[in-house]
J.: 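Just passing along the structure, written as structure tokens.
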2 protein chains.
Amino acid sequence: MHNLPTLLVNVDVCKANIKRMAEKAANGKVAFRPHFKTHQSIEIGRWFKEVGVKSITVSSVEMADYFAVDGWNDITVAFPLVPGSIDKVNDLAQKVSLNITVSSAKNLLASIDKLTAPLGIFIEVDVGHHRTGVAPDNMREIALMVSQLASKPNLTFKGFLAHAGHSYSAKGADEVNTIYNTGVSQLVKLKSFWRETYPNIIISWGDTPTCSLIDEFWGIDEIRPGNFVFYDLTQSNIGSCNIQDIAVALICPIVDINTQRSEVAIHGGAIHLSKDTLTNANNETVYGMVCNFNGKKWGTPIDEAYIKSVSQEHGIVKFNNETPLQNLRVGDLLAVLPVHSCLTLDTMGLLSTSDGKTIETFRTRKY
Amino acid sequence: MHNLPTLLVNVDVCKANIKRMAEKAANGKVAFRPHFKTHQSIEIGRWFKEVGVKSITVSSVEMADYFAVDGWNDITVAFPLVPGSIDKVNDLAQKVSLNITVSSAKNLLASIDKLTAPLGIFIEVDVGHHRTGVAPDNMREIALMVSQLASKPNLTFKGFLAHAGHSYSAKGADEVNTIYNTGVSQLVKLKSFWRETYPNIIISWGDTPTCSLIDEFWGIDEIRPGNFVFYDLTQSNIGSCNIQDIAVALICPIVDINTQRSEVAIHGGAIHLSKDTLTNANNETVYGMVCNFNGKKWGTPIDEAYIKSVSQEHGIVKFNNETPLQNLRVGDLLAVLPVHSCLTLDTMGLLSTSDGKTIETFRTRKY
């Protein structure tokens, strides 16, 4: 084991993350529809079933199909509909309860006659991330979409869906609170207006920072966080989690040791960690933080040690100049906490558990 | 085709890149041992065979094994030896002519008795990249390694190997020339000293920028460029290639259009392009450049259009404010030139050709 970089999941920490968010949703009286794009795995999906989760979010029709095969039958595809996937949407919607999102009247018009299966439709609203979604004050555009949906008995207008992805660059709970309050206010206005005609519409809200840091889920009906299943350094930097809540680490063999530079080269680079970064307190660019590894579990991060650069296969760990590196040997293993666990999982494709079990994912299924 | 992001290779451009570098090596009287980590593919490996290439470089013993199965029998693993891979090294060295690299006497000592097969050994020298390798002026360390090798009849000291990876952050031919001249001078000194005892040792030199931009390969005996097979925006920025020499593009469906912001969201994000960036003339961070696509080939980059951000699945294309986006429709395809083609190939795993053929890679074999 661990001759090559291996992505290890701490099952206890991961299950605790799942349980905590499920309980928070229950206490907050919102539906819990976790986003499965982070773990992408049938096995970890079953850990959600253990705490009673019945509805999920995915990022493609193909991923929806992957989880439908394992018995998930209430799925939202939180990714814009493209004409090329309409046939797959119609097929899958015959088998499971499927929701999709739309964000412009023009795009909806181009596809609506081809959507023949029974489908739930969310209107995606841009609450400040500026990626996709209709502007919340664009009442005309929203009215056009709602009236198009009204003409099709097989399409059910489900409400408004938002992903506050700008919370990922927030610093601390105050900024995250502001993002939540601003976005939810906009959505509540829309819901209030439209629920006179559509009493069953809901507000569906995503993103791990707000779902982790908001104490009270006022205004919304459903949460769709994804990253919290593993968390990562980005989330611990925002304050969404503690370092101990991070459930995955990349186990990397040391391949070279440079005591003069207080640096160690590991096998573990851009094709394993991906290339997301954060900036630490010393204004250094960080590709990961480094912990000791006892063959089963990793410890807390080694003081001031961090991945300072990555190339395709290599990572360079910079240690504090006082760290004695004499005891390290080539072949020893270090554990790297990832900056962005969604990307690390996707580049690795497979997960391992500390008892040597391999967990497959949607990523590996593609081949 | 192209309902999902697809990595398209322009076969003509790719074969021209291969031919040009093979001819350059022949004219420069250096051996050509291309690094196969960029394309990772049996099929593209065969395009190298068409121009007479017989020896290759790879980044792991596993990748060496992958190409050995297709008949490659002269392979250098340009990645530090770790104890966990010694059994595989010994196995493979029974079947093919295999070279490995070492960079410290301590590490070599820890493994040398277990290296039982006939092997070529390069001493890796750090010519300024500061990733792995012994310092060129550390004569004592090098002498220790050479004398260890001398005690083992199955191990042949092959010479000095360097990867001038710092050339990737060079700007223009002058800086690249300086990197080449400085590094090669150091290696030539080492070779001059040691060839009195080992007349057959060589200098093996890597990296695409120097191999593309140096007019005359003075001092060295072998080149190991890899990225040149596809090139990318990083290389065209350095000056290693023209934009027209870039042989791969990610074909992405448009999923949302925002005329007010002059932005288009595409299906094509961090898990497809990876997250390497460059800075353009306007000091903007760029994740890719965008070209029109006619279903078979891509054109030249659209003026001032670039990928300004990526999330897991999405990319946001920023157009010049004057660009009329009214003619674009959701589902239309755009071609994205990658910042770093090695990483884009690795995240995608598969390549397509314009006549619909799929090319598999080492990456997809892992699953």
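Naming convention: chains lettered A, B, ... in sequence-line order (proteins, then strands); numbering from 1 in each chain.
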J.: Using non-hydrogen atoms and a 4.5 Å limit, figure out which bit of Glu62(A) sits close to chain B: side chain, backbone, both or neither.
T.: side chain

J.: Can you tell me how far the OG1 atom of Thr358(B) sits from the CD atom of Glu360(B), to the nearest 0.5 Å?
T.: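 Rounded to the nearest 0.5 Å, the OG1-CD separation comes out at 8.0 Å.
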
J.: Side chain, backbone, both or neither: which part of Tyr168(A) has a non-hydrogen atom closer than 4.5 Å to chain B?
T.: neither

J.: Would Ser167(A) and Asp207(A) count as having a side-chain donor-acceptor pair, cut-off 3.5 Å?
T.: yes

J.: Which one wins on heavy-atom pair count under 4.5 Å against chain B: Val134(A), Thr277(A), Asp256(A)?
T.: Asp256(A)

J.: Testing the 3.5 Å rule here: is there a donor-acceptor pair between the side chains of Thr76(B) and Arg224(B)?
T.: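 Their side chains do not contain a donor-acceptor pair, so the 3.5 Å distance test is not met.
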
J.: With rounding to the nearest 0.5 angstrom, report the CG to CG distance, Leu351(B) to Leu7(B).
T.: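 Answer rounded to 0.5 Å: 5.0 Å.
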
J.: Looking at every non-hydrogen atom in both residues, tell me the closest pair between Arg261(A) and Lys318(A) and how far apart they are.
T.: O-NZ, 3.0 Å

J.: Measuring heavy-atom distances to chain A, does His340(B) have an atom under 4.5 Å in its side chain, in its backbone, in both, or in neither?
T.: neither

J.: When heavy-atom pairs shorter than 4.5 Å are enumerated against chain B, which of Lys275(A), Glu313(A), Gln312(A) gives the highest number?
T.: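 Of the options given, most contacts go to Gln312(A).
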
J.: Side chain, backbone, both or neither: which part of Glu263(B) has an atom under 4.5 Å from a heavy atom of chain A?
T.: side chain

J.: Taking atom types as modelled and ignoring hydrogens, do the side chains of Glu124(B) and Thr132(B) form a donor-acceptor contact shorter than 3.5 angstrom?
T.: yes

J.: Using a 4.5 angstrom heavy-atom cutoff, name the option from Leu81(A), Asn107(A), Ile257(A) with the most pairs to chain B.
T.: Asn107(A)

J.: When you look at Lys308(B) and Val317(B), which way does the side-chain contact (heavy atoms from CB on, under 4.5 Å) test go after all the steps?
T.: CA-CA 6 Å; Lys308(B) 65 172 250 191; Val317(B) 185; over 6 Å; no

J.: Answer with side chain, backbone, both or neither: which region of Ser85(A) has an atom nearer than 4.5 Å to a non-hydrogen atom of chain B?
T.: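 Both backbone and side chain.
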
J.: So for Lys37(A), is it side chain, backbone, both, or neither that comes closer than 4.5 Å to the heavy atoms of chain B?
T.: both

